[in-house]
Amino acid sequence: MKACFASEMRGVDKAASEIGGIPSIVLMENAAMACVEELKKDFANLSEKSVAVFCGKGNNGGDGFAIARHLYNMGIDVAVYLVCGNEFKGDAKINFDIIKRMNINIDVISDIEDLKYIVRSYDIIVDAIFGTGISGTVRGISYDVISEINDNAKYIVAVDVPSGINSDSGEICGVCIKADKTVTFVAYKVGMLMFPAADYVGQVTVKNISIPDYIIDVQNLKINVIDDKFVRSNFPKRENNSQKGDYGKVLVIAGSAGMTGAAYLSSQTAVTTGSGLVTLAVPSSLNSAMEAKTTEVMTVPLSDRNGRISANAIDEILKCVDKADTVLIGPGLGRCDDVSEVVESVLEYSKVPVIIDADGINAVAENMKALSSCTCPVIFTPHTVEMSRLTGLEREYIEDNRLVTAKEFAEENGVTLILKGHHTIVTGQDGEQYINITGNSGLATGGSGDVLAGTVASLVSRGINETVASAMAVYIHGLAGDIAKDKYGIESVTASKVMECIPCALRQILQVKWLYAIINKN
């Protein structure tokens with residue numbers, strides 16, 4: 001799936017008309033029917049429900065008029081409320097003129113004295129006030145209407161985007177509809193995936209309104225939304241005539257005294273995600289403990305200094321790098337000069353992709369020149385604080401400009417960047433970006449990033465393009481977190497439980513339920 005800015009969506013609409021020959025009124029009609037279709041899915045007894053459609057003066061309002069017409073023709077109790085007067089133009093005017101000739105109740109809202117009682121009297125509120133066309137701050141009667149709807153509605157469906165959000169930035173323009181569901185068209189709007197707007201969209205459904213794929217493709221939209229289909233189509237198949245070496249050899253350089261969990265979670269996750277061989281290189285003082293804990297992971301004891309990897313281990317580490325298909329370095333390594341020297345040596349030497357996580361990021365942040373002598377593909381996995389260290393930018397700026405910050409860093413440094421957070425953003429060195437929509441706040445727990453890093457390493461070791469593998473990994477990781485939330489409750493999600501749910505996530509994505517049905521039948 002794609003995500004686009006408002007200007008890009010206008011470009012798609014224009015191309016649909018000029019290149020595809022699809023009149024804009026047809027697109028409006030299809031959008032309206034898509035919304036009605038979703039209402040029918042949500043309410044099996046829709047014919048028994050009452051619906052109020054709140055309409056603005058632009059094309060979003062036109063969508064609302066067409067929705068009201070379809071509902072009325074289905075015999076549903078529907079009324080239209082005009083929020084911005086009764087003067088319309090273009091396609092919106094055509095649809096307004098049609099419903100004026102029908103027996104649909106139409107009222108212009110001039111004050112809000114009785115509005116809360118009106119809103120409460122309907123089972124469903126359809127928000128068709130602003131859509132993507134809002135500019136500036138919501139004021140006056142529109143502000144009051146949105147507030148009353150939020151306070152009194154039983155169920156709200158937003159058309160395209162909830163009225164009051166900036167569909168590019170995700171900012172709230174004074175006040176915003178808090179939807180139970182948003183029916184958007186053709187592609188996600190970028191602002192819907194950014195905060196704070198992401199908290200207002202509810203369940204999002206992207207509907208096709210008959211614009212051919214070739215029209216969308218020629219727009220060269222650079223922002224993607226990861227879904228099951230994307231992961232499934234890029235996941236390598238297992239062949240019957242194969243052996244463990246065919247499924248990726250991962251080297252994990254991790255752990256220090258007090259942080260063995262990071263080493264365990266990252267390496268074991270690589271096994272769980274499907275890698276054929278995983279080797280964990282740890283300080284020698286931790287090796288016995290890790291051998292006991294990681295039955296399916298091989299370990300290599302390294303020279304250490306006070307429970308951390310020593311620079312004296314570099315030669316041994318580079319021998320291990322020679323045998324690997326990918327290297328993950330950083331989880332739980334700690335911060336010291338020896339660790340920095342090890343990270344820089346691996347980057348300079350490696351010819352296979354290197355994933356830099358946690359303390360590996362901190363080491364590079366202290367000496368960004370380490371990237372200049374690096375010839376291998378590199379993947380960074382920072383959260384906002386680590387991103388601030390890498391870039392020197394303020395945390396608040398990064399949070400407000402996640403897409404731009406990630407794109408600039410990836411392009412300038414020639415790396416793949418996984419900027420973690422709710423709706424994690426993956427950016428390739430070519431500027432292509434992927435936004436993740438799986439996951440929940442239960443993933444905000446110690447070790448969760450180690451599980452993600454291990455997932456990335458596993459997929460990269462299978463020969464998948466670094467950016468694609470990273471996008472796949474964040475989706476799988478987030479879905480495993482969602483499964484863990486459903487199984488244990490959001491307050492009890494832990495990193496180890498997320499790791500344990502990765503097989504369930506993979507099974508769900510790869511759709512192998514038929515296999516279990518056959519096994520159970522036999």
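What you see is a predicted model, and the numbers here were worked out from it, not measured in a lab.
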* Asked: Any chance CG of Asp337 has more than 12 other-residue heavy atoms, nucleotides or ligands included, within less than 6.0 Å?
  -> no
* Asked: Between Ser458 and Ser275, is any side-chain donor less than 3.5 angstrom from a side-chain acceptor?
  -> yes
* To do: Might you confirm whether atom CD of Gln243 has over 12 heavy atoms from other residues, nucleotides or ligands at distances under 6.0 Å?
  => yes
Per-pair distances, 0.1 Å, donor-acceptor, side chain in residues 370-382, under 3.5 Å, sequence neighbours excluded:
{"unit_1": "Ser372", "atom_1": "OG", "unit_2": "Lys369", "atom_2": "O", "d": "2.5"}
{"unit_1": "Thr381", "atom_1": "OG1", "unit_2": "Ile356", "atom_2": "O", "d": "3.4"}
{"unit_1": "Thr381", "atom_1": "OG1", "unit_2": "Asp357", "atom_2": "OD1", "d": "2.4"}

* Structure fact -> Of Lys222, Met9, Gln219, the one forming a side-chain contact (heavy atoms from CB on, under 4.5 Å) with Cys4 is Met9
In a table with atom names and distances, give each donor-acceptor pair under 3.5 Å that connects a side chain of residues 442-457 to protein atoms at least two apart or in another chain.
{"unit_1": "Ser448", "atom_1": "OG", "unit_2": "Leu443", "atom_2": "O", "d": "3.1"}
{"unit_1": "Ser448", "atom_1": "OG", "unit_2": "His477", "atom_2": "NE2", "d": "3.3"}
{"unit_1": "Thr455", "atom_1": "OG1", "unit_2": "Val451", "atom_2": "O", "d": "2.8"}

* To do: Can you see which heavy atom on Ser441 is nearest to which on Ile490, and at what distance?
  => OG-CD1, 3.3 Å
* Asked: Under 3.5 Å, is there a donor-acceptor pair linking the side chains of Asn224 and Gln433?
  -> no
* To do: Might you work through the side chain to side chain contact (heavy atoms under 4.5 Å, CB included) test for Tyr188 and Lys2, ending with a clear yes or no?
  => CA-CA 6 Å; Tyr188 280 87; Lys2 291 290 185 179; over 6 Å; no
* Between Thr184 and Lys207: side-chain donor-acceptor atoms closer than 3.5 Å -> no
* Greater than 12 external heavy atoms within 6.0 Å of Asp246's CG -> yes
* Under 3.5 Å, is there a donor-acceptor pair between the side chain of Ser303 and the main chain of Asn312? -> no
* Minimum-distance pair of heavy atoms, taken over all atoms of Leu251 and Ala281 -> CD1-CB, 4.2 Å
* Asked: For residues Tyr475 and Asp227, is any side-chain donor paired with an opposing acceptor at under 3.5 Å?
  -> no
* Asked: How far apart are the closest heavy atoms of Leu328 and Ser266, and which atoms are they?
  -> CD2-CB, 3.8 Å
* When you check the side-chain N and O atoms of Gln268 and Glu296, is any donor under 3.5 Å from an acceptor? -> yes
* Do Ser310 and Asp304 have side-chain atoms, one donor and one acceptor, less than 3.5 Å apart? -> no
* **Tyr200 atom OH: more than 12 heavy-atom contacts under 6.0 Å** => no
* **Residue from Val225, Val426, Ile226, Leu193 passing side-chain contact (heavy atoms from CB on, under 4.5 Å) with Asn436** => Ile226
* Nearest heavy atoms of Arg402 and Thr424, plus distance in Å -> NH2-CA, 3.9 Å
* **Minimum heavy-atom distance Ser461-Thr326, with the two atoms named** => CB-CG2, 3.5 Å
* Asked: Considering all heavy atoms of both residues, which atom of Arg335 and which atom of Arg308 are nearest to each other, and what is their separation?
  -> O-NH1, 3.0 Å
* Using only heavy-atom distances, determine whether the side chains of Ser242 and Tyr247 contain a donor-acceptor pair under 3.5 Å. => yes
* Inspect the contact between Arg395 and Glu399 and indicate whether a charged nitrogen and a carboxylate oxygen are less than 4.0 angstrom apart. => no
Got a list of side-chain donor-acceptor pairs under 3.5 Å for residues 162-173, not counting sequence neighbours?
{"unit_1": "Ser163", "atom_1": "OG", "unit_2": "Asp127", "atom_2": "OD1", "d": "2.6"}
{"unit_1": "Ser163", "atom_1": "OG", "unit_2": "Asp127", "atom_2": "OD2", "d": "3.3"}
{"unit_1": "Ser163", "atom_1": "OG", "unit_2": "Ile129", "atom_2": "N", "d": "3.4"}
{"unit_1": "Ser163", "atom_1": "OG", "unit_2": "Phe130", "atom_2": "N", "d": "2.9"}
{"unit_1": "Asn166", "atom_1": "OD1", "unit_2": "Asp168", "atom_2": "N", "d": "2.8"}
{"unit_1": "Asn166", "atom_1": "OD1", "unit_2": "Ser169", "atom_2": "N", "d": "3.0"}
{"unit_1": "Asp168", "atom_1": "OD1", "unit_2": "Ala6", "atom_2": "N", "d": "2.8"}
{"unit_1": "Ser169", "atom_1": "OG", "unit_2": "Glu171", "atom_2": "N", "d": "3.2"}
{"unit_1": "Ser169", "atom_1": "OG", "unit_2": "Glu171", "atom_2": "OE1", "d": "3.0"}

* Asked: How about Asp180 and Gln203: does a side-chain donor come under 3.5 Å of a side-chain acceptor?
  -> no
* **salt bridge (charged side-chain N to carboxylate O under 4.0 Å, His left out) evaluation trace for Asp160 with Lys189** => CA-CA 8 Å; Asp160 208 9; Lys189 310 308 177 286; 3.1 Å; yes
* So, is the end of the Lys351 side chain (NZ or CZ) under 6.0 Å from the ring centre of Tyr349 and within 45° of the ring's axis? -> yes
